[in-house]
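FYI, side chains are in, hydrogens and waters are out, and symmetry mates aren't considered; it's all heavy atoms of this structure. Per chain, numbering begins at 1; letters A, B, ... match sequence-line order.
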2 protein chains.
Amino acid sequence: MATIRDVAKLAGVSVATVSRYLNKNGYVNKDTEQRVAKAIEQLNYEPNAVARGLAGKQTGTIALILPDIANPFFPEIARGVEDVAQKHGFTVILCNSDDQGQKEKSYIEMLRKKYVDGIIFASNTLGQDDVEQMNKNNIPLVVLDRAPTRQSCSVIRSRNYEGAKLAVSHLLDIGCKKIAHLYGPQELITAKKRMLGYEESVLDFPWYTPSLMVPGHFRMDGGLAAVKELFAKHPDVDGIFCGNDLMAIGALKGLHQLGVRVPEDVAIIGFDGISLTEITTPELTTIAQPNYDMGALAAKVLIETIQSGVMEAKLYELDVELIVRDSTKR
Amino acid sequence: MATIRDVAKLAGVSVATVSRYLNKNGYVNKDTEQRVAKAIEQLNYEPNAVARGLAGKQTGTIALILPDIANPFFPEIARGVEDVAQKHGFTVILCNSDDQGQKEKSYIEMLRKKYVDGIIFASNTLGQDDVEQMNKNNIPLVVLDRAPTRQSCSVIRSRNYEGAKLAVSHLLDIGCKKIAHLYGPQELITAKKRMLGYEESVLDFPWYTPSLMVPGHFRMDGGLAAVKELFAKHPDVDGIFCGNDLMAIGALKGLHQLGVRVPEDVAIIGFDGISLTEITTPELTTIAQPNYDMGALAAKVLIETIQSGVMEAKLYELDVELIVRDSTKR
DNA sequence: TCACAATGTGTAACCGGTTACATACATTCC
DNA sequence: GGAATGTATGTAACCGGTTACACATTGTGA
């Protein structure tokens, strides 16, 4: 592989000039430019990214830390991140934290040593101390969807509260008379807001009672168990708003096992808009987040932060959309 | 951040000694070792991975190139890759090729410039020239699942042919009298072998005719369309072996639309064992590949190649397993 | 005509590691 | 006792870029 010095020699200029030509900063004469270009061409020269990283402290690499890429919620986000990164000449490092603070910290450690230019977090366990450490090390970060606080870093989220209200009002619209809610881990802002939206929507109905809210841990098996628990207490429920799609799928399974028909006996609506909602029978109505767009936006914001050098701390809230499918069609 | 020179100064030794201590190569006296260790401790020193990369030409980074992480087939593989990489102190760069040779080449270009230590391919469009280029540049690569040839690189695959025979014989076992096959893109060795397994299993039956094989492009919508085409010609089919799970899900949908009952009228079996097969109604019988393990093995083989420096070209074929679920239960 | 700015280029230090080679002393073997 | 070998350490070049600074030339305004 040719180096910048080879190019300089062949073009009869100094390495500084070649570097200036490459980075398009500083003055380079038109003629010189031509000569350098030709030398580069001839030698088939490619600047070495690692050397660049060392000298310039920018590696053109960002990291995406998420709990588990095998969770169907994340691949679309990851795709959004990667597409935008790729378009800007950045490369994406994938990290699965399993929501373990320990794993997360060791990733951050390693990423810092590798001079990643920035990090996107889609993880729950991001601690205040981590954020501070990143700030101290001057590593830009963007938090996706789940951050409890918004401090010295940008946050991308969707309108969970509004989405929840939308979900409940849809169930009411189609004539539901008693609506339950399966909720996710309350340490997640996402789960909390969705529950809040539900509560505020139903609080004034005579049928409402807190035991209509059952935890499902944002997981499929959790949704399945929850729905059974729910029907033991409230066999007359005729609508369920699930805090995420995975629980909704679990609930669907559970109802199927109980011999309850969807949507005839019970209507179900989920939240997230993951692609799995299209493969169930019946297909699931859901409040769709723009998952891909959230990833894409996160990457865009991060890269802007990296390139401008100013670490802003904005909150971006994206709109959600009600997608009506068979699980609520009567 | 402290550098190796700071450590050397504080410990009263040369940088070479510190480096030897860090890499545990060459001689270092016990006492010196202690002093260096203390200096590192005091300065909170962390070796800089980029500088290391430049000097040593090893970055502790591997890349995973796949068509699309949002395709449900890949996240599990990716997870397997990442877990093993992480355990060995490697970092994984994620690349979505969309099966476009062009995109793939530009990724490879960029990865080479970044000194990635090796690449795992799970992409169809990997050309002979690419492989040669990698070999010339001495970048180890491992090809996952879909490689046409096996030349100067290791290949990880599952027993597609055997799996296909297993699938058909299962359908025969449950009493199917006319079995169709939805197949994937024939340029994929995977799709080809699965079709071959089908053909050889059914060739001698009187009901067999080539028009029982319908293309479904390994996609859900393809499976849906294929099943409709199939039933227009062969309404008496009572078993379908789908070349992958996505098509099986599509077929399930299509049959549902046609009012055909599964498994009563038609039994369906897929291939791959992706997690989606558990959320359909009825749940899908499938020939499960060890997806996670395939990713993990790919990473293991790649890292071994990187660390040993010998570029072997082995073929690993993993066993598949029949998982019987409702879609073939009679 | 002179001062100053804009343009163009080169030298060499620097980023933070690794490592070939030189040197020195302690053992071991014949 | 001298050669060969093992242990321990330091010097300095090297990986391949970027960039501060110096210097030269040309253009411009007063």
**Request:** Could you grab the distance from atom CG of A/Asp319 to atom CD of A/Gln289, nearest 0.5 Å is fine?
**Result:** 11.5 Å
**Asked** Does B/Glu76 come within less than 4.0 Å of B/Arg79, counting only side-chain N to carboxylate O?
**Response** no
**Prompt:** Looking at A/Tyr107, does the NZ or CZ of A/Lys105 lie under 6.0 angstrom from its six-membered ring centre and within 45 degrees of the ring axis?
**Reply:** no
**Prompt:** If you measure from CD on B/Gln86 to CG on A/Leu94, what distance do you get to the nearest 0.5 Å?
**Reply:** 11.0 Å
**Request:** Taking heavy atoms of chain B and a 4.0 Å limit, find me the 5'-most and 3'-most nucleotide of DNA chain D within that range.
**Result:** D/dG6 to D/dG16
**Complete:** Ordered by number, residues from residues 37-50 of chain A within less than 4.0 Å of DNA chain C (heavy atoms) are none
**Item:** Residue whose closest nucleotide on DNA chain D lies nearer the 5' end, A/Asn23 versus B/Asn29
**Value:** B/Asn29
**Request:** Identify whether any heavy atom of B/Ser19 sits under 4.0 Å from a base atom; if not, whether one sits that close to sugar-phosphate; answer base, sugar-phosphate or nothing.
**Result:** base
**Request:** To the nearest 0.5 angstrom, please state how far the CD1 atom of A/Ile93 sits from the OG1 atom of B/Thr61.
**Result:** 5.5 Å
**Asked** In whole angstrom, what separates A/Asp31's CG from C/dT9's C1'?
**Response** 14 Å
**Request:** Ignoring backbone atoms, establish whether A/Tyr27 has a side-chain N or O less than 4.0 Å from OP1 or OP2 of C/dT7.
**Result:** yes
**Message:** At less than 4.0 Å, is any side-chain N or O atom of A/Thr32 found next to OP1 or OP2 of C/dT9? Yes or no.
**Reply:** yes
**Electrostatic pair B/Asp83:B/Lys87 at N-O distance under 4.0 angstrom** = no
**Prompt:** For DNA chain D, whose closest nucleotide is more 5', that of A/Ala2 or that of B/Arg5?
**Reply:** B/Arg5
**5' precedence on DNA chain C between A/Ala16 and A/Lys30 (nearest-nucleotide basis)** = A/Lys30
**Request:** Tell me, please, whether A/Tyr21 has A/Lys24 positioned over its six-membered ring: NZ or CZ under 6.0 Å from the ring centre and within 45 degrees of its axis?
**Result:** yes
**Item:** A/Asn71 (side chain) donor-acceptor with A/Phe74 (main chain) under 3.5 angstrom
**Value:** no
**Message:** Set out, in order, the CA-CA distance, both residues' side-chain angles and the distance that settles side chain to side chain donor-acceptor pair (under 3.5 Å) for B/Thr59 and A/Lys114, then state yes or no.
**Reply:** CA-CA 9 Å; B/Thr59 55; A/Lys114 290 202 177 177; 6.0 Å; no
**Message:** I need the CZ-P distance between B/Arg20 and C/dC21, as an integer number of Å.
**Reply:** 14 Å
